[in-house]
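Excluded from the calculations below are hydrogen atoms, water molecules and symmetry mates; all remaining heavy atoms, backbone and side chain alike, are included. Counting starts at 1 for both ligands and their atoms, in listed order.
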Amino acid sequence: MNNQYVANTLETVKRRYPGEVEFHQAVTEVLESLIPVIERNKEFEEAGILQRITEPERQVLFMVPWVDDKGKVQVNRGMRIQFNSALGPYKGGIRFHSSVNTSIIKFLGFEQIFKNSLTGLMMGGGKGGSDFDPKGKSDNEVMRFCQSFMTELCRHIGADTDVPAGDIGVGGREIGFMFGQYKRIRNVFHGVLTGKGLQYGGSLARTEATGYGCVYFCDEMLKDKKTGFENKTVVISGSGNVAIYAAQKVQSLGAKVVAMSDSGGYVYDADGIKLDIVKNLKEVERKRISEYAKEVKSAKYTENCFDIWTIPCDVALPCATQNELDGKSAQILAKNGCIAVAEGANMPSTPDAVKVFLDAKISFGPGKAANAGGVATSGLEMAQNSQRLSWTFDEVDAKLHQIMINIHDSAKNAALEYNTPGNLVNGANIAGFLKVAGVMLAQGF
Ligand code: NDP
Ligand code: 2IT
């Protein structure tokens, strides 16, 4: 890195958090993008903005004991990283997955600062989670875990302090159990979580928001290439919340989704994925994607989810998890004629993959811009909760669509202003950073 201040900041992060590779990866990418900004605006170094923005304001680590259906005591680890509150209450999802550790939650919390800034709404950045894996657990086990998790978390959050939401392994069921426990302990009914059920303060279109938003963002990238989704072939990894609603929007715009996956493998259906079957398998029955190939004759199941990128497509939407698409997969996508990649997941493309996309002039929408529709709609849910009103689906969807267009334009313009036209990685990092850094200057230290 050829800027001393940036290099020193990165070194401090690595020394302070040894072995936290995902966190190092996310910080490295952002700081590299920011070099021209730091050189043009000396006041950021004078005010220590980079040291401050890379160190979480608060980190809460706690034990989550619960009792399984056999009466056995289980112990998981819970955490909430409150990263930056310059722009508003901490805001960001909660992830339940066996891989969760402090590196993953820190990388997600760090990304969230810039993502939330890009939405134009008043939200700081944070993230939480646990190494609890809801897969294969009964509803009662999930409820007891969520209650224990919230018994500790409720001391640290609040509608004007920190507002968690869903992420991998946390959907409407988990949010409901956590909301119920928060209300029971704190004796307040307010919008302390987003992604709630519609009958108790949830927003219409929040379920669809991340997937729809990713497709709205990608559509803007395609417009810049003088094309659109009509008649395109699309590959989408994952088959969870983000993937399902990305697929739904893609199909409504006249494109064909030919492959989807889960951590076990992927299904290829040349006739186009039948989304009602995927929705039933994943949202209702909580089964594996392999079952799709048993129900649909035209489909073929392949074990190894990483090979999904070998399927030729015009547009790729990685919507599963971090580092699921590496340099080799990116090269295959490029060779097969892919013209656009928009990240529904957080950091799904490795640094090597991002380089391949940028070098090949494939339009590339980084997660913190392309998947910001979820948290943006969470921001709209908070606004509705404050007003004690509910907006219609079309109202929320229209606002979401406009926010995604604005984010695309901000990233595109910042990339242009800092002499890397078309590089939305730099553009998103710079546009997101400038707003937070300006506010941090105004608020003092
Ligand atoms: P879900 O839990 O609903 O779905 C996750 C999907 O990704 C599942 O199909 C899951 O398969 C797959 N997956 C998880 N881990 C792995 C892995 N290690 N390898 C391969 N596949 C994996 O989560 P979401 O759809 O909500 O989240 C998906 C991504 O989108 C995450 O990166 C999340 O951070 C990001 N995101 C989510 C937002 C939201 O509003 N929900 C907002 C913005 C970003 P399996 O069932 O086999 O585990
Ligand atoms: O990564 C993300 O932006 C989310 N999981 C959604 C966060 C939110 O607060 O809605």
Side-chain angles (χ1 to χ4, degrees), residues 22 88-100 104-105 107-116 118-119 121 123-129 133-136 157 162-175 191 193-196 202-203 205-214 217 236-247 260-267 278-279 281-283 286-290 304-308 317-325 343-349 367-382:
E22 292 86 0
Y90 305 104
K91 183 84 197 82
I94 290 179
R95 177 176 291 191
F96 291 165
H97 192 269
S98 51
S99 65
V100 162
I104 289 176
I105 299 304
F107 114 66
L108 290 163
F110 180 71
E111 292 279 289
Q112 203 82 43
I113 305 170
F114 306 97
K115 186 195 301 194
N116 294 3
L118 284 167
T119 65
L121 303 173
M123 300 181 289
K127 200 84 184 190
D133 182 1
K135 274 202 274 300
I157 62 176
D162 183 355
V163 183
D167 193 81
I168 290 177
V170 177
R173 176 181 61 170
E174 291 76 17
I175 293 289
L193 296 163
T194 58
K196 299 183 290 296
S203 175
R206 175 62 187 90
T207 304
E208 293 83 355
T210 312
Y212 278 23
C214 178
F217 189 95
I236 301 180
S237 64
S239 47
N241 172 262
V242 180
I244 285 175
Y245 292 96
M260 292 182 79
S261 61
D262 60 22
S263 56
Y266 70 90
V267 287
V278 176
K279 283 185 71 169
L281 280 174
K282 290 293 176 180
E283 294 182 339
R286 297 182 190 272
K287 285 189 177 157
R288 310 305 300 160
I289 200 74
S290 53
N304 186 357
C305 52
F306 299 102
D307 284 348
I308 191 171
L317 303 177
C319 295
T321 195
Q322 65 277 354
N323 293 326
E324 55 160 317
L325 199 171
E343 296 185 328
N346 284 305
M347 208 168 74
S349 312
K368 65 170 74 65
N371 72 37
V375 75
T377 307
S378 280
L380 302 177
E381 182 170 326
M382 289 164 73

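Closest protein heavy atom to atom 10 (O) of ligand 2: S378 OG, 2.5 Å. When hydrogens are left out, the protein atom nearest atom 4 (C) of ligand 2 is K127 NZ, 3.7 Å; that is the closest non-hydrogen contact. Among all protein heavy atoms, the one lying closest to atom 31 (C) of ligand 1 is A320 O, 3.3 Å. The protein heavy atom nearest to atom 7 (C) of ligand 2 is G93 N, 3.5 Å. Protein heavy atom at the shortest distance from atom 27 (O) of ligand 1 is I168 CG1, 3.6 Å. Atom 41 (N) of ligand 1 has its closest protein heavy atom at N241 OD1, 3.6 Å. In terms of protein heavy-atom proximity, atom 40 (O) of ligand 1 is nearest to T210 OG1, 2.7 Å. Scanning the protein for heavy atoms near atom 32 (O) of ligand 1, the closest one is N346 N, 3.2 Å. Given atom 33 (C) of ligand 1, the protein heavy atom at minimum distance is D167 OD1, 3.2 Å. Ranking the protein heavy atoms by distance from atom 9 (O) of ligand 2 puts K91 NZ, 2.6 Å first. Here the heavy atom of the protein found nearest to atom 2 (C) of ligand 2 is K115 NZ, 3.3 Å. Among protein heavy atoms, the minimum distance from atom 6 (C) of ligand 2 is reached at R206 NH2, 3.6 Å. The shortest contact between atom 6 (C) of ligand 1 and any protein heavy atom is with G240 N, 4.0 Å. The closest protein non-hydrogen atom to atom 2 (O) of ligand 1 is G169 N, 2.9 Å.
Counting heavy atoms under 4.0 Å from ligand 1, residue D262 touches it through both backbone and side chain. Residue contacts with ligand 1 for C319 involve N, CA, C or O but no side-chain atom from C-beta outward (heavy atoms, distance under 4.0 Å). Contacts between E111 and ligand 1, counted as non-hydrogen atom pairs separated by less than 4.0 Å, are absent for every part of the residue. Of all the heavy atoms of N346, the ones lying under 4.0 Å from any atom of ligand 2 belong exclusively to the side chain. Residue contacts with ligand 2, taken as heavy atom pairs separated by less than 4.0 Å, do not involve R95 at all. Contacts between E324 and ligand 1, counted as non-hydrogen atom pairs separated by less than 4.0 Å, are absent for every part of the residue. Neither the backbone nor the side chain of E111 has a heavy atom within less than 4.0 Å of ligand 2.
Closest heavy-atom approach to atom 44 (C) of ligand 1 within the set A345, G344, G374: this belongs to G344. Within the set N323, T321, L108, the minimum heavy-atom distance to atom 19 (N) of ligand 1 is found for T321.
Taking distance alone, with nitrogen or oxygen atoms compared against 3.5 Å, S263 approaches ligand 1 more closely than that limit. Note: an N/O pair closer than 3.5 Å links R288 and ligand 1 by distance alone. When only interatomic distances are considered, the shortest N/O to N/O separation between N371 and ligand 2 does not fall below 3.5 Å. On a distance-only criterion, S239 and ligand 1 share at least one N/O pair closer than 3.5 Å. Residue V242 has at least one N or O atom closer than 3.5 Å to an N or O atom of ligand 1.
If you number the atoms of ligand 1 from 1 as listed, the ones under 4.0 Å from a heavy atom of G238 come out as 9 (O). Near A165, the atoms of ligand 2 lying under 4.0 angstrom from a non-hydrogen atom of the residue are 8 (C), 9 (O), 10 (O). Remark: ligand 1 atoms within the under-4.0 Å shell around heavy atoms of C305 are 20 (C). If you number the atoms of ligand 1 from 1 as listed, the ones under 4.0 Å from a heavy atom of H97 come out as 15 (N). Residue G92 has at least one heavy-atom neighbour below 4.0 Å for each of these atoms of ligand 2: 7 (C), 9 (O).
R206 contributes a side-chain N or O that, together with a main-chain N or O of G374, makes up a donor-acceptor pair within less than 3.5 Å. Side-chain N or O atoms of N371 include one that pairs as donor or acceptor with a backbone N or O of G344 at under 3.5 Å. Side-chain atoms of E343 come within 3.5 Å of backbone N or O of S349 as a donor-acceptor pair. With E174 contributing its side chain and G171 its backbone, the two residues share a donor-acceptor pair below 3.5 Å. Using a distance-only test at 3.5 Å, with no hydrogens or angles considered, a donor-acceptor pair links the side chain of K282 to the main chain of K287. When atom types are taken as modelled, the side chain of D262 and the backbone of R288 share no donor-acceptor pair closer than 3.5 angstrom.
Under the 4.0 angstrom criterion for non-hydrogen atoms, G166 is in contact with ligand 2. Within the 4.0 Å heavy-atom cutoff, Q322 does not count among the residues contacting ligand 1. For R95, the closest heavy-atom approach to ligand 1 falls below 4.0 Å.
Note that OG1 of T207 and OH of Y212 are 10.0 Å apart. Values are rounded to the nearest 0.5 Å. For the atom pair CZ of F107 and NZ of K127, the computed distance is 8.0 Å after rounding to the nearest 0.5 Å. Distance CD1/I157 to CD1/I94: 6.5 Å, rounded to 0.5 Å. I175 contributes atom CD1, which lies 6.5 Å from atom OG1 of T194 (distance to the nearest 0.5 angstrom). With values rounded to the nearest 0.5 angstrom, M347 atom CE is found 9.0 Å from K368 atom NZ. The OG1 atom of T210 sits 9.0 Å away from the CG atom of D167 when rounded to the nearest 0.5 Å.
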Full working for side-chain contact (heavy atoms from CB on, under 4.5 Å) between T321 and R95: CA-CA 11 Å; T321 195; R95 177 176 291 191; 4.1 Å; yes
Worked check of side-chain contact (heavy atoms from CB on, under 4.5 Å) between V100 and F96: CA-CA 7 Å; V100 162; F96 291 165; over 6 Å; no
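Between V163 and S378 there is no side-chain heavy-atom pair separated by less than 4.5 Å. Counting only heavy atoms from C-beta outward, the side chains of K91 and L121 never approach each other to under 4.5 Å. K115 places a side-chain heavy atom less than 4.5 Å from the side chain of N346.
Taking every heavy atom of both residues into account, S261 and S239 meet most closely at O-OG, 2.8 Å. The shortest heavy-atom contact between E324 and A345 is OE2-CB, 4.1 Å. The shortest non-hydrogen separation linking S263 to C305 is O-SG, 3.7 Å.
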